[in-house]
Amino acid sequence: MAAIIDGKQISKDIKEELKKEVAELKAAGKNCALAVIQVGNDPASSVYVGNKKKACEYIGIESVAYELPEETTQEELLGIIDKLNNDPAIHGILCQLPLPKHINEDEVIQAISPKKDVDGFHPQNVGALVIGQQGFVSCTPAGIIQLLKRSNVEIAGKNCVVIGRSNIVGKPMSLLMLRENATVTICHSKTANLKEVCKQADILIVAIGKPQMIGADYVKEGAVVIDVGIHRDSENKLCGDVKYDEVFPIASAITPVPGGVGPMTIAMLMNNCVEAMKMYS
Ligand code: NAD
């Protein structure tokens with residue numbers, strides 16, 4: 001039977017640590033501010049943006065909101081980003097994705113100063129991760145490293161299988177596990193013998209985006225299983241990429257959905273904002 005890796009509690013611990021640190025920085029006259037840009041009013045994006053603002057408020061980070069209409073042009077958006085890049089009172093810039101179709105996301109990501117890229121999406125920060133230099137790391141994979149470390153899961157020397165190779169989750173996750181000295185295998189939609197490969201994993205990280213695809217037949221007895229997926233099942237209940245009830249009895253530790261990986265993403269975003277302020281202001 002698995003230990004449950006409690007992302008809700010771990011994210012709470014991180015937020016408390018940050019709150020204390022931000023208060024100390026404030027007492028020393030240093031204010032931390034995050035610019036949050038949303039273009040259009042996609043309902044899911046509005047929920048994410050709202051949660052990020054709430055977390056800022058709780059920790060004591062100032063959030064400066066830019067709620068731009070759907071028809072905002074790319075030039076207008078790039079103009080705002082340029083202004084924020086040059087504003088010393090702003091430490092982090094977050095542009096909520098997805099952007100409307102007429103805006104090129106890659107160009108927007110590249111326009112954000114790497115020193116204020118608290119999402120860790122800028123090619124310079126991705127490159128820094130690849131060659132082991134300091135930089136901002138994508139928040140969800142960075143959160144998973146915290147989940148593992150704070151749950152005392154040993155990573156060095158372990159076989160880690162990551163399913164998924166997206167730029168936001170799978171690829172940075174694999175690089176972070178490599179940095180922690182795991183032996184890493186990356187699986188994707190074209191991987192042959194997925195089950196056999198997954199069965200080799202001491203740590204199995206699942207970021208496929210397919211509801212409850214991974215059952216007990218993919219998991220080695222005693223493996224640690226991290227489920228990144230978030231979906232609604234036929235009864236409208238949240239579920240992950242893993243069949244939790246099937247895998248729970250054979251894993252040594254597992255993240256639930258909800259309450260596992262999900263809460264860590266915002267906690268790490270807040271952490272990146274505080275780091276940006278400490279490093280570059
Ligand atoms: P994505 O769709 O960009 O990538 C999915 C990856 O899974 C791809 O690389 C693909 O090759 C691989 N894949 C697809 N079908 C496969 C199959 N049958 N066998 C093996 N590999 C397969 O998704 P993403 O952005 O990486 O997100 C993955 C999941 O994590 C989604 O459910 C998403 O909602 C969730 N997510 C959660 C958080 C969080 O904060 N908890 C953050 C980001 C993403």
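Just so you know, ligand 1 is whichever comes first in the structure, and atom 1 is the first atom listed for that ligand.
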- Counting heavy atoms only, which part of I230 comes closer than 4.0 Å to ligand 1: side chain, backbone, both or neither? both
- Task: Check each atom of ligand 1 against the heavy atoms of V261 and keep those under 4.0 Å away; list them by number with element.
- Result: 41 (N)
- Task: Establish, from distance only, whether the side-chain atoms of Q110 and D106 form a donor-acceptor pair under 3.5 Å.
- Result: no
- Task: Identify, for atom 15 (N) of ligand 1, the protein heavy atom at the shortest distance, and state residue, atom and that distance.
- Result: K210 NZ, 3.2 Å
- Note on the structure: The closest protein heavy-atom partner of atom 1 (P) of ligand 1 is S166 CB, 4.1 Å
- Pair E275 + K116: basic N to acidic O under 4.0 Å: no
- Note on the structure: atom 10 (C) of ligand 1: closest protein heavy atom, distance to 0.1 Å, is S189 N, 4.0 Å
- Query: Can H91 and N31 be counted as having a side-chain donor-acceptor contact under 3.5 angstrom?
  - Reply: no
- Query: When you check the side-chain N and O atoms of Y58 and E16, is any donor under 3.5 Å from an acceptor?
  - Reply: yes
- Item | Positive for side chain to side chain contact (heavy atoms under 4.5 Å, CB included) with I145, one of R179, M177, M264, M268 | M177
- Taking the side chain as C-beta and beyond, is there a heavy-atom pair between I163 and I205 under 4.5 Å? no
- Element-labelled atoms of ligand 1 that are located less than 4.0 Å from some non-hydrogen atom of A207: 5 (C), 6 (C), 7 (O), 28 (C)
- Message: Which residue and atom name correspond to the protein heavy atom nearest atom 42 (C) of ligand 1, and how close is it?
- Response: T140 OG1, 3.3 Å
- Message: Pairing donors with acceptors under 3.5 angstrom, does anything connect the side chains of Q38 and S46?
- Response: yes
- Message: Suppose we measure from atom 5 (C) of ligand 1 to each protein heavy atom; which comes out shortest, and what is that distance?
- Response: I208 O, 3.2 Å
- Message: If the cut-off is 4.0 Å to any non-hydrogen atom of V169, which atoms of ligand 1 fall inside it?
- Response: 26 (O), 43 (C), 44 (C)
- Does R150 pair with E17 as a salt bridge, N-O distance under 4.0 Å? yes
- Task: Pick one of side chain, backbone, both or neither for how T265 approaches ligand 1, counting any non-hydrogen atom pair under 4.0 Å.
- Result: side chain
- Taking only heavy atoms of L194 into account, list the atoms of ligand 1 that are under 4.0 Å away from them. 19 (N), 20 (C)
- Message: More than 12 heavy atoms of other residues, nucleotides or ligands under 6.0 Å from NZ of K171: yes or no?
- Response: yes
- Pull out every atom of ligand 1 sitting under 4.0 Å from any heavy atom of G262, numbered as shown with elements. 41 (N)
- Counting heavy atoms under 4.0 Å, the part of M264 that contacts ligand 1 is neither
- Quick one: does L204's side chain get under 4.5 Å of V224's, heavy atoms only? no
- Message: Could you check whether E180 pairs with K149 (Lys NZ or Arg NE/NH1/NH2 to Asp/Glu carboxylate O, under 4.0 Å)?
- Response: yes
- Quick one: look at H231 and ligand 1, take heavy-atom pairs under 4.0 Å, and tell me if it's side chain, backbone, both or neither. side chain
- Item | Salt-bridge present (D217, K195; N to O < 4.0 Å) | yes
- Query: Considering only the protein, which heavy-atom contact is closest to atom 8 (C) of ligand 1, and what is its distance?
  - Reply: R165 N, 3.9 Å
- In the protein, what heavy atom is nearest to atom 20 (C) of ligand 1, and what distance, to one decimal place, separates them? H188 O, 3.2 Å
- Task: Heavy-atom contacts with M213 under 4.0 Å: which atoms of ligand 1 show up? List them by number with element.
- Result: 17 (C), 18 (N), 19 (N)
- Query: Nearest protein heavy-atom contact for atom 37 (C) of ligand 1: which residue, which atom, what distance?
  - Reply: V228 O, 3.1 Å
- Task: Check I163 against ligand 1 and report side chain, backbone, both or neither, counting heavy atoms closer than 4.0 Å.
- Result: side chain
- Numbered in order shown, the ligand 1 atoms found under 4.0 Å of a heavy atom of G209 are 28 (C), 29 (C), 31 (C), 32 (O)
